[in-house]
Structures are given as structure tokens and as C-alpha cells.
Amino acid sequence: MDSTNFIMRFLEWLMTFDRKALILAATAIGAGFAMIAGIGPGIGQGYAAGKGAEAVSRNPKSQRETTMVMLLGAAVAETSGILALVVALIMLFGNPLVDMEGTAFVIMASAIGAGLSMIAGIGPGIGQGYAAGKGTEAVGKRPKLQSVIVRTMLVGQAVAQTTGIYALVIALVLLFANPLVRL
Amino acid sequence: MEPITGKALILAASAIGAGLAMIAGIGPGIGQGYAAGKGAEGVGRQPEAQGDIVRTMLLGAAVAETTGIYALVIALILLFANPLVGML
Amino acid sequence: MEPITGKALILAASAIGAGLAMIAGIGPGIGQGYAAGKGAEGVGRQPEAQGDIVRTMLLGAAVAETTGIYALVIALILLFANPLVGML
Amino acid sequence: MEPITGKALILAASAIGAGLAMIAGIGPGIGQGYAAGKGAEGVGRQPEAQGDIVRTMLLGAAVAETTGIYALVIALILLFANPLVGML
Amino acid sequence: MEPITGKALILAASAIGAGLAMIAGIGPGIGQGYAAGKGAEGVGRQPEAQGDIVRTMLLGAAVAETTGIYALVIALILLFANPLVGML
Amino acid sequence: MEPITGKALILAASAIGAGLAMIAGIGPGIGQGYAAGKGAEGVGRQPEAQGDIVRTMLLGAAVAETTGIYALVIALILLFANPLVGML
Amino acid sequence: MEPITGKALILAASAIGAGLAMIAGIGPGIGQGYAAGKGAEGVGRQPEAQGDIVRTMLLGAAVAETTGIYALVIALILLFANPLVGML
Amino acid sequence: MEPITGKALILAASAIGAGLAMIAGIGPGIGQGYAAGKGAEGVGRQPEAQGDIVRTMLLGAAVAETTGIYALVIALILLFANPLVGML
Amino acid sequence: MEPITGKALILAASAIGAGLAMIAGIGPGIGQGYAAGKGAEGVGRQPEAQGDIVRTMLLGAAVAETTGIYALVIALILLFANPLVGML
Amino acid sequence: MEPITGKALILAASAIGAGLAMIAGIGPGIGQGYAAGKGAEGVGRQPEAQGDIVRTMLLGAAVAETTGIYALVIALILLFANPLVGML
Ligand code: NA
Ligand code: NA
Ligand code: NA
Ligand code: NA
Ligand code: NA
Ligand code: NA
Ligand code: NA
Ligand code: NA
Ligand code: NA
Ligand code: NA
């Protein structure tokens, strides 16, 4: 079929490929998108590091406490980066899409959609890192209040995680329980 | 390979649309994290006001969550109750 | 290959358009979270002004929500009351 | 069966264009949220100036809304009064 | 069957170009919101200088609006006075 | 039947390129808004220095406008004096 | 019928590449606006140092302009002295 | 004429995926730069605590590097140990 | 009729790659603008230390320029010394 | 007539992948600029600690450069030692 319609021609070109190849190609791009989430923890933990250095300069005696809070807060802020890495590794090494029943075109798009969704992780990464920095600062000023400060920090970080979890759920649905292929 | 139908095109676009919508989650994540930081700072300064501080922080964070929920709802509609395929 | 109709193409693009629109939600999420943090800070410093602080925070947050609502409305129109398919 | 026409392509692109335009809403969302936070902070510090503070905050927020409105108008034109299909 | 013409392709791309241009609105939205917050803070601190503060805030916000207007003008040109189709 | 020519493809890409260029407007919008806020704050604190403050703010804002102007110029060239179609 | 040639494809991609490059203008816009705000603040506080402050602000802003100029140069090369079509 | 194989399509997409992954590097760059600034500030304030300050800064920066490393690893896997072509 | 060759496709992609690379210029623009603002502030406060402040600002800004230069180099390689077409 | 081969497709995608990778340069640019600003501020306040401040600033900035270097390396591999074409 020699269509003059470039959209049809493009889709016909795509159809000349093996379905597995199409899905795997989309997976490579999806994995790349997912990794962009790493922007978040990078910014957030860097903020916490800066606040840690500042706290140590203001109150060198509190170094042990501030470092602990900085690391604890930063560990929480790592979550979205780890989730993105895990999703990317699943896509690359344990790809559930290649053996999925359904239209190849929909499965391809699902791989890209899952990767795009994970980008949301930028937010919790930055936000939780900010909280880690402020927690570190506060503990540096009033080391005796460490437990109540850390508790508030963790409660706030938990709240800030939710949209990252939503995004993970959407990505996992697209990868493992894709409702679109059954439509 | 099986041909691409109009329905498949819509469903494929819905998968990408759902992924794009979720990017909205960046916002509440940053904003609520800021609130968390300010809450921790405030509790460190005025431990006696902890209840009020945390309550205000959580109220504000709940407000900041809404656009993340809107995005989730749009993504869930695209995935589980797709109205577009019915319009074909 | 059975050709894809114009209607299918528009509906597919609508799914992506709806997803793109929701990205606007980043803004209110960050902004309202900032307000939440400032509100928590303020309540810690002036607990006696809590009512005024929270009321101002919520008023400002309501204003900051509007563009998130606009985006939601555009997405819902694209998904449920798509005017484009009728123009074909 | 009706294949993809030029008109359909324009309408499909309009759906994506409308979605892209709405992303502008990030700006007013962040900016007005900042104003909300500063307003709440100010009211906590100078409760006696609450009227002036809130009025300035709302005036500034109205100015910050304009580009969000521009984007909404462009999206609505693309969806409901599309001038491009008439140019074909 | 009427195929997709070059004119249709240009008009479709113009819809997307108009949407992309509007994204510029993020900038004035954030910037003017910052000015609104600073204005509200200033008015709370120096109510006697309210006139000067608000005037400076609005002057600065007008300057910050320009790139949002440029983007709107480009979008309106693409939609209503498209010079590209005439070049075909 | 007139198919899509190379010229049409270039003009379509020019519409998208013009839209992309305008996104640069985010920068001056944020930056000049920051300057507006700092100007308003300064005028509130040192009303006697208002002339100097506003003059410095406007000078700095003029410098911050340039990349927004560059983008506008590139977009106008793409739309009204497209040099690419002449290279075909 | 003149089909789409390789040259046309390169020129179309150059239009999009030029638009993408201009997005760099976000950076100097934000940065120089920050410098403008700090300059205005400084002049308000130390009017006697106005000369030094403005000179430092402009020197720093000139340094911050460079990547915006690089992007403009790349865009102008793509539009007016495209080396890629000669490589075909 | 040797047509484009599925393997070639996967390898092409891998090049784009690797490029996308590297964008994550924005984050550690900003965050560690912030830490560098705060470290320099702290050392200026208490030069006698320089060792502790720098050690804390570097420890925090090491933690902030991880997601940049993850992205690099994914890109290197896509380029040098591509598991996708083996799944064909 | 000269169709689209592999070489043309690579050169077209190189135009887009060069444009994408230039987006890196956002970073030095923001960062150096921040340094400019801090430099101007510092000079206003300690005019006697102007030499040291400006020298530190410029040294730091030179360091912040590097990734903008890397991007420019990659773009120039893609445009003027494209190694990819030689690999065909 | 030489058609588009798989090799050409991979090389074209590599040009785009290299461009995307360079976007990472935004991060070090912003971060190191922040460090430059803080360094300049610190040197103005404690000129006697200039050596320590600048040394800490440069050490921190070196750490912040790494992800920009990673991106440059990936781009150079894609352009000059492309491992993907060898996998065909
Ligand atoms: Na949340
Ligand atoms: Na909200
Ligand atoms: Na609003
Ligand atoms: Na506005
Ligand atoms: Na402006
Ligand atoms: Na400028
Ligand atoms: Na520069
Ligand atoms: Na990390
Ligand atoms: Na650098
Ligand atoms: Na680094």
C-alpha cells in the first residue's frame, strides 16, 4: 500500500518491524525517562548537605546529631531515585512487556508512559531533601529537641512522598496489570 | 505484526497521556517538602506550639496535594474508564 | 491495513493533550506548599494570630489553585465533551 | 470509511496545542502561592495591617494570573473557535 | 479521498507552535507572584509607604509581563494571521 | 491533489520552532519579577532612595530582557523572513 | 510533484533546532533578573556605593549573558549559514 | 537494499534513552553546588571548624551524587551491555 | 527525484541535537546571575573589599561556565565536524 | 539510490541522544554559580579567610561538576566511539 498519508505511512513502516523489537525499543526510551527522576534527590540531598555544613559551622559541638539527621533525611529523599532505578532495571532486565498479550502499539506506548510517570519523583526528592536540610539546621540549633524535630520532619516527608507513590502505581499498572491491552 | 487500528492508536496515546499527567506530582512533592522543612524548623524553635505548627503544616499540605490528585484521577480515567474509545 | 480514521487520530491526540494539561498542577503544588510552610512558621511564632494566618494562607492558596482547575477543566473537556470530533 | 484528512490532522494538533498551552499554569500557581505565604507571614506579624496586606497580595496575584488566562484563552480558541480549520 | 496537504500540515504545526509559545507564561506568573509577595510583606511593614511600594511592584510587574505578551502575540499570529501558509 | 512538499515541511517546522523559541520568555519573566519584588521591598524601606532603586531595577531588568528579545527575533524571522525556504 | 528531499528534511530540522537552542535564554533571564533585584536592594541600602554596585551588577550580568549569546549564534548559523546542507 | 531491522530500531532507541537518562545529572549539579556555597560560607564564619565543615559537605555531596551515578549506569548498560537486543 | 538518504537523516538529527545541547546554557545563566547579584550586594556592603569580591565572583563564574562550553563544543562538532556521517 | 539503513537510524538517534545528555549541564551551571555567589559574599565579609573560602568553594564546585562530565563523556562516546553501530 503506497499511501500518500504520512501518518498511515509511518504506522505502516512501524508495522514492518517485529512486535518484540518495537516493544524493546520503546522500553529503552521509557527507562531513560524514568531516570530523569534523579534530578529530585540530587537537588534535595545537596540542600541537606549545605545545611549540614552550615549547622556544623554554627555549632560544631552538634556535629554528630546534625550529621545523623542529615543522613536520615537524605535517605528518605533517595526514595524516588531508587524507585526510578528499580523501574528502569525491571524494564531492561525483567521486561514484563515483551511477553504481554495485546496490540504491540499499545504495549510500546505503555513502556514510554511508565517512564514518563516516574519523572514525578523529582518533586518528593527535592521536597524531602529540603525538609532534611531544615531538620538538620533545627537540630544543630537545639540538639536537645532532636526527637520532636525529626518526628515532624518525617511526618512531613511522608506526606511529600504521596505523589511519587501515585506515579509508581501508574507505572506499575502500565507494566504489570495493563488494562489498556485488554480493551 | 497485527495492524494498528484506530482503537489501538487511542489506547496507546492514553498510556502516554497517563504518564504525562503524573508529572504533575513534582509540584506537591516540592511544596509539601518545603512545608515539612518549615514545620521541623518551627517545632525546633517553639516546641510548645508543636500541635498548632503540625496541624497548620498538614492542613496546608492537604491543600497542596489537590493537583496531584487531579492528575491521578485523569490518569486512572485514561487507564480504567477510558471515555475516548467509546467515542469512536 | 485498515486505515485509521480522522476521528481516531483526534481522540488519540486528546488523550495526550489531557495528559499535558495536567502538568500545570506542578505550580499550585509548589506554591501552596510554600504557603503551608510559611503558615506553619507563622503559627509557631504568633500562635495568638493563628486564625488570621490560616485564613490568609487558605485565601491565597485558593487563588493559587485556579490555573490547576483550568487545566483540569480543559482535560475533562478533551475526555468527556470533546468539541473537536464534532468539527470534523 | 473516512481516512485521515487535513482537517482531522489540524484538530488533532489543536488538542495537543491546547494541552501544551495549559502548562503555563505552573507559573501563576507557584507565584501566587509565594504571595499567599508572604501574606500569611505578614498577617501574623502585623495583624493590624491585615487589610492592606491581603489587598496588596490579591492585587499582585491578579497581575500574576494574566499569563494563565492568556493560555486558557488560547486553549479555548483551539477547542471551541478553531480558526485554523477555516484556513484550509 | 482528500489527502493531507502541505497547507494542512502547516496549520497543524501552527496549533502546536501556539501551544508551545504559551508555556512562556510560566515566567511572568512566577516573577509577578514573587513581586506580589514582597509587596504584601512591604505594605505590612511600612503601611505609610504603601503607595510607593504598590507603584514600584506594579511597574516591575509590567516589565515582567512583556515576554508573556510576546508569546501571546506569536500565538495569535500563528492562529489568526498565519504568514506561513502564504509562503507556500 | 497537492501533496506535502519540502517547502511545506520546512514551514511547518518553522511554526514549531517559533513556538519553542518563545519558551525562553520564562527567564526574563521570573528574573524581572524578582527585581520587581526587591525594588518594592527597597522602596518600602528607603523611600528617600526610590529614584535610585527604581532606576537600578529598570536598568537590570533591561539587561534581563535581552534573551527574551533574541527569542522573539528568531521567532519573527522564522515566521516573516524565513531564510530556510530560500535554501531549498 | 516535488517530493520531500533530504535537503528539505535538514532545513526543517534546523528550524526546530534553532527554536530549541533559544530556550537557553531562560538562564540569563532569571540570573540577570536576580542581579537586578540585588542591585536595586544594594543601591537602596548604600546609595553612596551606587557606582560600584551597578558596575559589579553589569559586569556579572555580562558574564551571565554568554550562554544566551552562544545559543543565539547556533540558531543564526542554523538559519543563515547552515553548514549541514553542504555536507549532503 | 538492506532494510532497517528490529535490532537497529532498539539500538537507535537506546541512544535516545541513554541521553534522556543523563538529564538526571541536573539534580546533583544543583544540590552539590548549593552545598559548596554553604560550605564556603561556613568556612568563612568559623575557619577553625574547616575540617568538620568540609567533611560534612563532602559526605552530603556524596549522598547527593547517587542518582547521577544511577543514570550513568543505566546509560552505560544501554550503550555497552544492552540487554534489550538479547531479548529479541 | 532525490529521496531522503541516511546521510540526510543523520544531518537532520544533528540539527536537533545541536539545539538540544544548547539548552544547557540555562544553568550558567542562572548561576552566574546569582553570583552577579551576590557580588553587587557584597561590593555595596564592603566597598574596600571590592577587588577580592569581584575576583572571587569571576573565578566562580568561570567554573560555572564550563558545562555551557561543553554544550557549545558538542553543538559545533555536530554542525561543523560531524563524525557521524563518516561512520555510515 | 541509497535508502535509510539501520546504521543510519542509529547514528541519527545518537546525535539526538548526545544533545539530550548535554542538558545535564544545567545543574553544575546553577550549582557552581550559587557557590560563586556565596564565595564572593564570604570573601567580602571575612577577607582574611579568603584562601579557605575559595579553596572550599572550588572543592565543592569540582564535586558539582561530575554529572556534567558524565554527560559529556556519554555524548562523546555516542559521537566518536559509538558502540551501538557495532552491535548491529
Ligand atoms: Na504528597
Ligand atoms: Na492544590
Ligand atoms: Na491562580
Ligand atoms: Na501576569
Ligand atoms: Na519582560
Ligand atoms: Na540578558
Ligand atoms: Na555565561
Ligand atoms: Na542521592
Ligand atoms: Na562548570
Ligand atoms: Na557531582
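Proteins come first, then strands; the chains are lettered A, B, ... in the order of their sequence lines, and each starts at number 1.
With a 4.5 Å cut-off on non-hydrogen atoms, G:I77 touches chain I through its side chain but not through its backbone. The contact between G:E41 and chain I is made entirely by side chain atoms (from C-beta outward), counting heavy-atom distances below 4.5 Å. Looking at I:I53, there are no atoms closer than 4.5 Å to chain G (heavy atoms on both sides), in backbone or side chain.
Annotation for G:T67 and I:G68: closest pair CG2-CA, 4.1 Å, computed over non-hydrogen atoms. Contact detail for I:E65 and G:V63: the closest heavy-atom pair is OE1-O, 4.2 Å.
The shortest distance between side-chain heavy atoms of I:M57 and G:L59 falls below 4.5 Å. Side-chain contact between G:L9 and I:L11 is absent, with no heavy-atom pair separated by less than 4.5 Å.
Panel note: side chain I:K7, backbone G:G6; no donor-acceptor pair is recorded below 3.5 Å.
Expressed to the nearest 0.5 Å, how far CD1 of I:I26 lies from CD1 of G:I26 amounts to 4.0 Å. Rounding to the nearest 0.5 Å gives a distance of 12.5 Å between OH of G:Y34 and CD1 of I:I30. Interatomic distance, I:L84 CG to G:M87 CE, rounded to the nearest 0.5 Å: 10.5 Å. For the atom pair CG (G:D52) and CD (I:Q46), the distance works out to 12.5 Å, reported to the nearest 0.5 Å.
Counting heavy-atom pairs closer than 4.5 Å to chain G, the top residue among I:A35, I:A18, I:A12, I:G31 is I:A12.
The side chain to side chain donor-acceptor pair (under 3.5 Å) pairs that include a residue from residues 18-30 of chain G number zero, where partners must be two or more places apart or lie in different chains.
The side chain to side chain donor-acceptor pair (under 3.5 Å) search around G:S14 returns G:N82, not counting sequence neighbours.
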